[in-house]
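Proteins get letters first, then strands, A, B, ... in listed order; numbering begins at 1 in each.
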Amino acid sequence: MSDDKKLPTRAENFSDWYNELVLRSELADYSPVRGCMVIRPHGYGVWERMQRALDDMFKATGHVNAYFPLFIPESFLSKEAEHVEGFAPECAVVTHGGGKLLEERLVVRPTSETIIYSMFAKWVQSYRDLPLLYNQWANVVRWEMRTRLFLRTMEFLWQEGHTAHVTHDEAEHETRKMLGVYRTFMEAYMAMPVITGLKTDSEKFAGALRTYSCEAMMQDNKALQAGTSHNLGQNFAKAFDLKFQTEQGTEAFAWNTSWGVSTRMVGGLVMTHGDDAGLRLTPKLTPIQVVIVPIYKTDDERAATIEAAKRISDELGSFTRPDHERIRVHVDERVGIKPGAKYYHWELRGIPLRLEIGPRDLAAASGMLVRRDTREKRPIAWDALRAELPIVLQQIQDDMLAAARARMEAHTIRERISYDRFKEIMAGDGAFVYAGWNGDPAVEARVKEETKATIRCIPDAEFRSQVAPTTCMVTGEPAKFEVLWARSY
RNA sequence: CGGGGCGUAGCUUAGCCCGGUAGAGCGCCUGCUUCGGGAGCAGGAGGUCGCAGGUUCAAAUCCUGUCGCCCCGACCA
C-alpha cells in the first residue's frame, strides 16, 4: 500500500484533510473559474437529500415555492442603505448585453431581498393579503476574495425564505420558527448539534433588525455558521413601498423576514463527521445507504453472489415502495477490483453500511454487515434485512448525533476564565467559550483583532450557563450578556 | 490589494544551482494469474516542460516580461 492512497490526517493538517477529502470522495471539484466549484453527483446527491427534507419542512410550516430572477437592477440594491453597503462590494455586475452597453447595469443577485420585496409591493394591498410566506431555491453570487470548497464559493446554491407580515411580533415569531426548523434539520438529518442565538450588531445581516443563527462546532473546534434567520423589520418594506391597508383603514408598512441555508452545510457535514478514512455521511442524507460488495473467486461464484446482491437490492429499494420504506442500496459490480479495494472506496465516500456477500454466505443466505461509523461488523440473514436495516440506520443516525454532541461539549468552556487564558485557548486548540460581555462593540472588535475569535451569538436561553456570568471577560465590567466566543469559518 | 511560494503526462513530482536524447510513482489501456481489507507479472498509451520574447551552436534549465494557481493577511452564507 503506497502512502498517496491515504488521506492527510485531521491532526496533521485539518485544512488539507478537508480539501483532499472533498476532492477524493468526489463531492466536488475545482472549476476553470477561480472560486467556483463543480458539485459532482455524490455531493449533489447529498444536497438533494438536504433540499428534499427542508422543502418538506418549509411546506409543513405553510410556505410556498416561487422563483425570482437572477438579475437585479443595480438601483434596487441601493434602496436600502445598510444593505447596499454590505453587499455592493461583493457583487458581480453585468454591464453589457447583446454586445451593447446596458442603460442600467444588472447585479447578479447576492441575495434576493430587493427583487422579492419590490414584487411583494405589487401584490399586497390589504392586510388580508398577508402573510406572504415564500421560499425559493436558487443560486447566488458573491465575489469572495478567498474561497473554500462548499464553505465559501463565489457561486453557491441555497434556499432563501422571504415573508411579509402584518405585525412585528408575527414576523419575529416567523424568524424564530424558521431558525427552529433549521436546528431540527441540522440535528435530525445532519446529526450536527448547533447553538442557536442572536447575532451581535457587527455580525448581523446588512439591512436586518435582528439576525439569529445556528452555530455548529467543526472538528478543529472552529464554529461554522450553518444557517441564518433575519427579522428585517420594516427596512425593506419602506425601501420598496411594501404597504397595506389595515383592518382599521390606516396604511402600514409590512414586516419582513428572510432566512437561508446553503451548500455550505455539505462542508459542515464533512467537518462534523469525517474521519481519517474519509467521509461519514448520515443515513438520512447519504445518496447510498447500503453498498453490497460481492465476493467471489470463480465466474460461477461471481454470477451467484451478484445475482443474490441484486435480488436484495431490488427488494429493499424497489420504486414501488413509498419513499420512507425504501432503502437506498447500491451493488458494486465492478470487475477486476478486489473486495478490500472496494471497502476503501466506499469508506472514503462515507456510505453508512456495507453488506459483504461471499460464497460462504450464499449457502447460509446471509451476509456480513459493517457500520462505517463504528466499524462494527456482524452477520445478518437476508430475510432479516428488511426489518433490521431501518433500525440499524436509525441507530447510526442517533449515534452520530450523540458523538458529535459529546465532542462539542468536550470542547466547550463555561467556567470563568481570564482573558489571557482565553487568548491561549484561541491560539491553541480552540473551543466554544461562554463568557460575559459588557455589550460594547469595541470590545468585540478588539478580541477579534487579538485572537481572531468572534462572538458567534448571544445564545438562546436553553444554551446559557446555569450560573450566568456577571462580569465581562475582557474588561471586568458588569456583563450585559452571556455570549459564545469562537474562531469561525 | 499587501507578504510568501509554485507552474514539467490525468494526479504527485525528479531534473533547473552547474544549458547537451524529459525520468519516476500513482492512475489509465491490453492479456494472464488473482479476488473474505488498497493484487502480481508482462506489454502499452500518454509531454510542443504555463505563455511570449531574449541570450546561445544548443534552453525544462540562464535573462526579461506576462498569465495562472496555492498559502498567509484585510472581507465573508
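- Between D314(A) and K310(A), none of the side-chain N atoms (NZ, or NE/NH1/NH2) sits under 4.0 Å from a carboxylate O, so this pair counts as no salt bridge.
- Base contact: T153(A) has a heavy atom under 4.0 Å from a base atom.
- Centroid-to-centroid, the aromatic rings of F185(A) and Y182(A) stay 6.0 Å apart or farther.
- The gap from the C1' atom of C49(B) to that of G23(B) amounts to 12 Å, rounded to the nearest Å.
- Comparing C11(B) with G47(B), their P atoms sit 13 Å apart, to the nearest whole Å.
- With contacts defined as side-chain heavy-atom distances shorter than 4.5 Å, the pair Q136(A)/E160(A) qualifies.
- Along RNA chain B, the nucleotide closest to I357(A) and the one closest to A226(A) are compared, and the more 5′ of them pairs with I357(A).
- Nucleotides U66(B) and C72(B) place their P atoms 26 Å apart, quoted to the nearest Å.
- Across all strands shown, G65(B) is found opposite C51(B) as a Watson-Crick or G-U wobble partner, with both distances under 3.5 Å.
- R360(A) comes within 4.0 angstrom of a nucleotide base, judged by non-hydrogen atoms across all strands.
- Atom name C1', nucleotides A77(B) and G4(B): the rounded distance is 29 Å, in whole Å.
- I337(A) has its CD1 atom 16 Å from the C1' atom of G36(B), to the nearest Å.
- Both L362(A) and E90(A) lie close to RNA chain B; mapped to their nearest nucleotides by heavy-atom distance, the more 5′-ward contact belongs to L362(A).
- Regarding E26(A), its CD atom lies at a distance of 13 Å from the C1' atom of G10(B), rounded to whole Å.
- Counting any heavy atom pair closer than 4.0 Å across all strands shown, R354(A) reaches a base atom.
- With respect to the salt-bridge test (charged N to carboxylate O, under 4.0 angstrom), the residues K199(A) and E215(A) qualify.
- In this structure, K377(A) atom NZ and G37(B) atom C1' are separated by 7 Å, rounded to whole Å.
- Within 4.0 Å of S262(A), counting heavy atoms only, lies at least one base atom of the nucleic acid.
- By the 4.5 Å heavy-atom criterion applied to side chains, W346(A) and I288(A) are counted as neighbours.
- Regarding contacts with the backbone of C72(B), a side-chain N or O of R146(A) is found under 4.0 angstrom from either OP1 or OP2.
- Per the geometry, OH belonging to Y296(A) stands 15 Å off C1' belonging to U33(B), to the nearest Å.
- Going from the P atom of A60(B) to that of A52(B) covers 13 Å, rounded to whole Å.
- Distance noted for atom P between C29(B) and C70(B): 30 Å (whole Å).
- Put simply, F156(A) rests on the base of A77(B): the two rings are less than 5.5 Å apart at their centres and nearly parallel, under 30°.
- For G43(B), the paired base is C29(B) (Watson-Crick or G-U wobble, both distances below 3.5 Å).
- Under the Watson-Crick or G-U wobble criterion, with both distances below 3.5 Å, G2(B) is paired with C72(B).
- In terms of phosphate contacts, K338(A) brings no side-chain nitrogen or oxygen within less than 4.0 Å of OP1 or OP2 of G40(B).
- Atom CD in E20(A) sits about 18 Å away from atom P in C26(B), given to the nearest Å.
- Evaluation of Y344(A) against the base of G38(B) yields a stacking contact (centre distance < 5.5 Å, interplanar angle < 30°).
- Among the heavy atoms of the strands lying under 4.0 Å from G358(A) is at least one base atom, whether or not backbone atoms are also near.
- Between the CE atom of M37(A) and the C1' atom of A77(B) there is a distance of 12 Å, rounded to whole Å.
- The residue P89(A) sits apart from the nucleic acid: no heavy atom pair falls under 4.0 Å.
- Here Q225(A) lies in heavy-atom contact (under 4.0 Å) with sugar-phosphate atoms only.
- Taking the C1' atom of each, G46(B) and G25(B) are spaced 15 Å apart, rounded to whole Å.
- R372(A) has a carboxylate O that lies under 4.0 Å from a charged side-chain N of D275(A), or vice versa, which qualifies the two as a salt bridge.
- Across the P atoms, G37(B) and G20(B) are found 49 Å apart, a figure rounded to whole Å.
- Atom OG of S258(A) is separated from atom CD of E113(A) by 4.0 Å, given to the nearest 0.5 angstrom.
- For L23(A) and C70(B), the CG to C1' distance is 13 Å, given to the nearest whole Å.
- C71(B) atom C1' lies 16 Å from atom CE of M145(A), rounded to whole Å.
- L224(A) comes within contact range of no nucleotide atom at all, as no heavy-atom separation falls under 4.0 Å.
- Here E347(A) lies in heavy-atom contact (under 4.0 Å) with a base.
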